[in-house]
Number of protein chains: 2
Amino acid sequence: MTLRDMALEKMRAAIIAGHFQSGDRLVERPLCDQLGVSRSVVRETIRYLEAEGLVEILPNKGPIVAKLDWENAQQIYEIRMLLETSAAQKCAELAKDGDKKKLGKALAQLKLAYSSGETNDLFEATTLFYQCIFDISGQNVAWEVVQRLNGRISRLRAMTLGTRDRHDAGYKRIEKIYSAIETNDPQAAAAAIQLHLTEAANIAKTLLTAELSKSEK
Amino acid sequence: MTLRDMALEKMRAAIIAGHFQSGDRLVERPLCDQLGVSRSVVRETIRYLEAEGLVEILPNKGPIVAKLDWENAQQIYEIRMLLETSAAQKCAELAKDGDKKKLGKALAQLKLAYSSGETNDLFEATTLFYQCIFDISGQNVAWEVVQRLNGRISRLRAMTLGTRDRHDAGYKRIEKIYSAIETNDPQAAAAAIQLHLTEAANIAKTLLTAELSKSEK
DNA sequence: GGTGATAAGATGGTATACCATAATACCGAA
DNA sequence: TTCGGTATTATGGTATACCATCTTATCACC
């Protein structure tokens, strides 16, 4: 693994974890110190993150962590809705026994993460579960797209997961997705994932608008 | 505009125009000469293109122009189908008179481009038309996604447009999309754009498989 | 003559030093 | 207090040096 890859992961993780706030400037040389790499690496990393949409570059100002408004977040949730519905549908059509086993394992991990309450575990387990679905449906490009979009709303997702683990309705909805796939019922799988995403989007909207109105004070 | 932006556009254009073949190595130092910039700029540009998916990086080998197989291209067409259907639908719902005027203008340009037969004009006009649709539907994030995906199949699209302008069925299908939007008929708009895309994907498949079987000889 | 080892070159990866320019903050004079 | 200039800071951009690795070509030895 190259230095750049490591720097990339660290920065991405830092942004997702909220270590850098949205709108924060990303000054190159301090970043070099923090990451322990040279400017070349930092600059190339920033270029990559810029293309990913996690970082914006203000002309003659430099890079900042991309700002997130509900307008854009909503669009992202809508796109996810389309892609994930399609993936769940196909997944339910195609899933063989081996696939179901793998998905079941991901579900078990997810259950564990829900009960542990660790937002980070929850985050990873959720990602794994979705990855499984896209994997089975054979839509790796769509998965790439979803992941990239998720990066842009990662902080929002972390917040959403954080609140949702209190009401455990979230897990139940995911279980429904699983059982629809397990019984190879595309319709039900699509419906279940739509329900789940709609709910997630609603929570996200509440949280984000609350945060924005607070920061305007 | 920074040097990087220029280098980025040049490289992207060169890849799309087929000046660099898929699988070609992108050796840094020669690129510096060709673009007239330093290695740093070239490297950052490559990083960006890597994130865009236009360039792959082989470990210990360096960057190459991303290879395109039908497997991935098909997935991209499927994603476009979802996103563009949704956009056309929303566009047909929302389009006001002013929007329709703009779209009509884009259509007129497209007609011109079709009759001129310049693949490049056709490419731009098509892009403009679609941009208009996404614009009206208010889905700028989805447009970003589509554009990025299109970058990855750009060569394929250019080939497709090149053959399609011979049969002018392509323009007629686009006209149908327009008229569906013009009459605010979401169902028809969705159907029209699906037809158009399916056709494009079919042509693309034919061309790509033909090319691949030829290069295997 | 064929095979394997070694040396040379090419390439990627990393680090640093340097310059020009733009923005900004600060400070002194009117 | 305000205006204007200066110093600082950060960026964009360039050049270069260094090392590791991979490829390739050469050459000696079997």
Side-chain angles (χ1 to χ4, degrees), chain A residues 1-15 18-68 151-152 215, chain B residues 1-15 18-68 144 148 151-152 215:
Chain A
M1 176 173 290
T2 65
L3 262 192
R4 247 203 331 286
D5 291 331
M6 290 166 39
L8 189 61
E9 279 183 17
K10 273 194 198 169
M11 283 211 50
R12 220 197 317 247
I15 293 177
H19 195 277
F20 297 115
Q21 299 276 325
S22 157
D24 274 5
R25 294 188 63 184
L26 296 171
V27 185
E28 293 181 1
R29 278 161 248 249
L31 278 181
C32 296
D33 299 339
Q34 287 169 33
L35 296 171
V37 296
S38 73
R39 255 187 88 198
S40 331
V41 178
V42 167
R43 287 176 64 91
E44 289 175 28
T45 304
I46 287 178
R47 240 27 90 190
Y48 198 99
L49 291 172
E50 182 196 359
E52 269 192 343
L54 274 182
V55 161
E56 284 173 25
I57 290 187
L58 309 179
N60 298 323
K61 277 296 192 87
I64 62 170
V65 178
K67 285 182 185 161
L68 185 65
R152 284 160 77 165
S215 71
Chain B
M1 177 174 289
T2 65
L3 261 192
R4 247 203 332 285
D5 291 331
M6 290 167 38
L8 188 62
E9 279 182 19
K10 273 194 199 168
M11 284 211 49
R12 221 196 318 245
I15 293 177
H19 195 276
F20 296 116
Q21 300 276 325
S22 158
D24 275 5
R25 292 189 62 184
L26 296 171
V27 185
E28 294 181 358
R29 286 160 175 96
L31 278 181
C32 295
D33 299 339
Q34 287 169 33
L35 296 170
V37 295
S38 74
R39 244 182 109 197
S40 330
V41 177
V42 167
R43 287 178 65 89
E44 288 175 29
T45 303
I46 288 177
R47 241 25 92 188
Y48 198 99
L49 291 172
E50 183 196 359
E52 270 192 342
L54 275 182
V55 162
E56 282 173 28
I57 290 186
L58 308 180
N60 298 322
K61 278 296 191 89
I64 62 170
V65 178
K67 284 182 185 162
L68 185 64
E144 260 178 58
R148 177 147 312 173
R152 285 161 75 165
S215 71

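Residue numbering restarts at 1 for every chain, and letters A, B, ... go by the order of the sequence lines. Atoms considered below: every heavy atom in the structure, side chains included; atoms not considered: hydrogens, waters and symmetry mates.
Between A:Leu35 atom CG and C:dA15 atom P there is a gap of 11 Å when expressed in whole angstrom units. Counting to the nearest Å, the C1' atom of C:dG13 and the CD1 atom of B:Ile57 are 11 Å from each other. One interatomic measurement links the two molecules: CD of B:Glu44 to C1' of D:dG12, which rounds to 9 Å at whole-angstrom precision. In this structure, CZ of A:Arg39 is placed 15 Å from C1' of D:dT16, rounded to the nearest angstrom. Atom CG in B:Leu3 sits roughly 14 Å away from atom P in C:dA22 (whole-Å rounding). Put simply, CG on A:Asp5 is 16 Å from P on C:dG12, counting in whole angstrom units. Rounded to whole Å, atom P of C:dG13 lies 14 Å from atom CG of A:Leu8. Nucleotide C:dG12 holds its C1' atom 10 Å from the CD1 atom of B:Ile46, rounded to whole Å.
With B:Cys32 as the fixed residue, the side-chain contact (heavy atoms from CB on, under 4.5 Å) test singles out one of B:Val41, B:Val42, B:Val27: B:Val42. Screening A:Arg47, A:Arg12, A:Arg152 for a salt bridge (Lys or Arg N to Asp or Glu O under 4.0 Å) with A:Glu52, the sole residue that qualifies is A:Arg12.
Residue A:Lys61 places no side-chain N or O under 4.0 Å from the OP1 or OP2 atom of D:dG12. Using a 4.0 Å cut-off, no side-chain N or O of A:Ser38 falls inside it from OP1 or OP2 of C:dT14. Of the side-chain N and O atoms in A:Arg43, one or more sit less than 4.0 angstrom from OP1 or OP2 of D:dG12.
Within 4.0 Å (heavy atoms only), B:Leu26 reaches sugar-phosphate atoms of the nucleic acid but no base atom. Using a 4.0 Å heavy-atom criterion, one finds that A:Arg4 contacts the sugar-phosphate atoms exclusively. Counting any heavy atom pair closer than 4.0 Å across all strands shown, A:Arg25 reaches sugar-phosphate atoms only and no base atom. No engagement by A:Leu31 is indicated, since no non-hydrogen atom pair under 4.0 Å with the nucleic acid exists.
Distance check, rounded to the nearest 0.5 Å: CZ of B:Arg39 to CD1 of B:Ile46 gives 9.5 Å.
In terms of position along DNA chain D, the nucleotide closest to B:Ser40 lies nearer the 5' end than the nucleotide closest to the other residue of the pair B:Ser40 and B:Arg29.
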Before you tell me yes or no, could you show the steps for A:Glu28 and A:Arg43 under salt bridge (Lys or Arg N to Asp or Glu O under 4.0 Å), namely the whole-Å CA-CA distance, both residues' side-chain angles and the distance that decides it to 0.1 Å? CA-CA 7 Å; A:Glu28 293 181 1; A:Arg43 287 176 64 91; 2.9 Å; yes

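The two atoms that bring B:Ser22 and B:Leu68 nearest to each other are OG-N, 3.8 Å, heavy atoms only.
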